[in-house]
Amino acid sequence: MHSNAARTIGKERMREWIGRLMERAEVLAPTSARAGDIILRRISSPLEVQWGGDIPLLPPKQAVLPQTDPLVSIGRGPGGFVVEPVYDETPRVLFGLRSCDVKGIEFLTRVHEYDLADAAYLRRAAAVTSVSVACVAPCAFGFCICCDAGPFLADSFDVQLTDLGDRFLAEVGSEKGGRLLEPSADLFRTGRADEVALRHELEEAAKRAFGPETCHFASAMRRVSVGRVSAELWDEIADTCLECGACNFVCPTCYCFSVKDQARDGRWVRCRTWDSCQFRAFTLEASGHNPREAHRERVKRRFFHKVSAQYFRRDGAVGCVGCGRCVKVCLGTSDMPAVVAAIRKGEWHG
Amino acid sequence: MDNLFLPRVARIAAVRDETPDTKTFDLVLRQGGEPRDFTFSPGQFMELSVFGVGEAPFCFASSPTRTECIQTTVRRTGVLTDAMHTLAAGDEVGVRGPCGNGFDVAAATAKDLLFIGGGIGLPPLRGLIWNVLDERDRFGKVTILYGARTPTDLVYKDELEEWARRGDVEIHVTVDRGETGWTGNVGMVPVLFDRTELKPATTLAYVCGPPIMIKFVVQELLMRGFSPDSVISTLERMMQCGVGKCNHCCIGHRYVCRDGPVFTYRQIREMTE
């Protein structure tokens, strides 16, 4: 078993630690990109890690569920077609994740374990270890506190860092996390009681910093689950949606996909690719019939999958980690907090 | 842990034209040379792929009691089915499955069985019909009501005659519009109800066909005293994975690919988008 004892690492030693992690795994971390965006990508030097700043534009789901995810290789052999499974078990460290994004990966893993286990997803995810940094203040659009997904995590993490000024407190939350720290034990020392106490003070302060305007999932869940949201309200919500699918693609918990054969080097690779329940073609049948022809049906579908009690019972959580990305990217106003508020009030003030 | 997306390679052993736009394919799984290690229930489906073109769900049109091949009947309606229709004996396709729940054959034991098919809705019933006929003693009276737009659109024409010749099956066929030489019934499927004696209390009704036909048939059955639990149908939705992951086929929190495609009318009635 891993030891839960907190450790500390001086900030001057972080480059050394990240460098060592890079020797054993692909390390993905927040980096600064053009136009001031922060994006999570594979780094080639510890210097590329962007500390602080905005939440990365895209969640880390690309590391467990790539936008184009090869599943099966299809080629021709002397005896006919040859089909082989494709797996990606590259060791990866996701460094500097936000708490909400750790919860997002946990959610994705749970849905891919549910019922029929999805080996392609699970093998890739098993090789991923996260090092998250607890948030000491709310971010611009975040409401993780309503989703049990931050600002600090009590569980679900591999390694959780807390910024204590000139050093980080490191907590190990899983065996994978323990294995990650083990070879670099010399860079850490055992955390002192006052350091652990400071971490808890920071957590309490971070929680208090969230305003009273939170996301009221409970009442929205009650109404969505029993179909007590009027068609008129869904229409009004749909009127603010451009059907671009951005909310799906930036969502840490969205995982709907389509399967396509892509030609590559004289063979085909059958891939799953991200899809969006907001696209009309998502449910369009070959006959031309579409059970979700009306835009309101597609918007309703998104929020039923996200917040209904039926899915909550299945997945053990709402399909939202409060990262706020949909708030940021939505060109209209049909983001999670706005829709939850509208459902709760029974009217739209978008 | 198996790869959910890995198809088996199957060889097309034979192709038969059913109608101008519908063909039946006999498939033999290449591994092992015969499909004996591949078990399925009537009402389940497979994800069938034309390599390089894509994959889509198709019902098993054959019975698991017939192990020489698995069969599926495909109407041309899109890119994949167009590609299917260019294939011939000897060509290879991918088969993944079986997927879905299937008909509960054990629950049908000793019951009278009423099969009602419309157009391309007969193939999923055919698997169950042959299963029942191959184990004929286990079941009560077997009645088949089948309708299509025109006589040309009737599938399994030889088998319709074969079933009519058997003494242990009652079968009535109708078409919406007759053609030259057609001497049979004309009218929608519900016109056939008056041709047969129904015993709602001891009968299970299996209904497959276009949505409009299902609607009228189910109304008729309920009016004639069938319980919503005794009316059984299969649902179709746009599907990608067939294994409960891609979320294309959801109706509420139900997955047509995992919870279905076979549902009782009571279950269907309670589903909401």
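Protein chains get the first letters and strands the later ones, always in sequence-line order, with residue 1 at the start of each.
The distance from atom CZ of B:Arg237 to atom CG of A:Asn290, rounded to the nearest 0.5 Å, is 8.5 Å. Remark: A:Glu84 CD to B:Leu6 CG distance equals 9.0 Å, nearest 0.5 Å.
With a 4.5 Å cut-off on non-hydrogen atoms, A:Arg272 touches chain B through its side chain but not through its backbone. Neither the backbone nor the side chain of A:Arg313 has a heavy atom closer than 4.5 Å to any heavy atom of chain B. Only the side chain of A:Ile74 comes within less than 4.5 Å of a heavy atom of chain B; its backbone N, CA, C and O stay farther away.
By a heavy-atom distance cut of under 4.5 Å, B:Thr77, B:Glu92 are the residues of residues 74-99 of chain B near chain A, going up by number.
Of all heavy-atom pairs spanning A:Pro85 and B:Asn3, the tightest one is CB-ND2, 3.5 Å. The two residues B:His248 and A:Ser258 have their closest heavy-atom pair at NE2-OG, 3.3 Å. The two atoms that bring A:Glu285 and B:Met238 nearest to each other are CG-N, 3.7 Å, heavy atoms only. Across all non-hydrogen atoms, the minimal contact from B:Val9 to A:Val83 is CG2-CG2, 4.1 Å.
Ring geometry for B:His253 versus A:Phe304: interplanar angle of 30 to 60°, hence tilted.
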Handout entry: B:Tyr255 and A:Asp115: CA distance, side-chain angles, deciding distance, side chain to side chain contact (heavy atoms under 4.5 Å, CB included) verdict
Key = CA-CA 12 Å; B:Tyr255 286 68; A:Asp115 189 21; over 6 Å; no
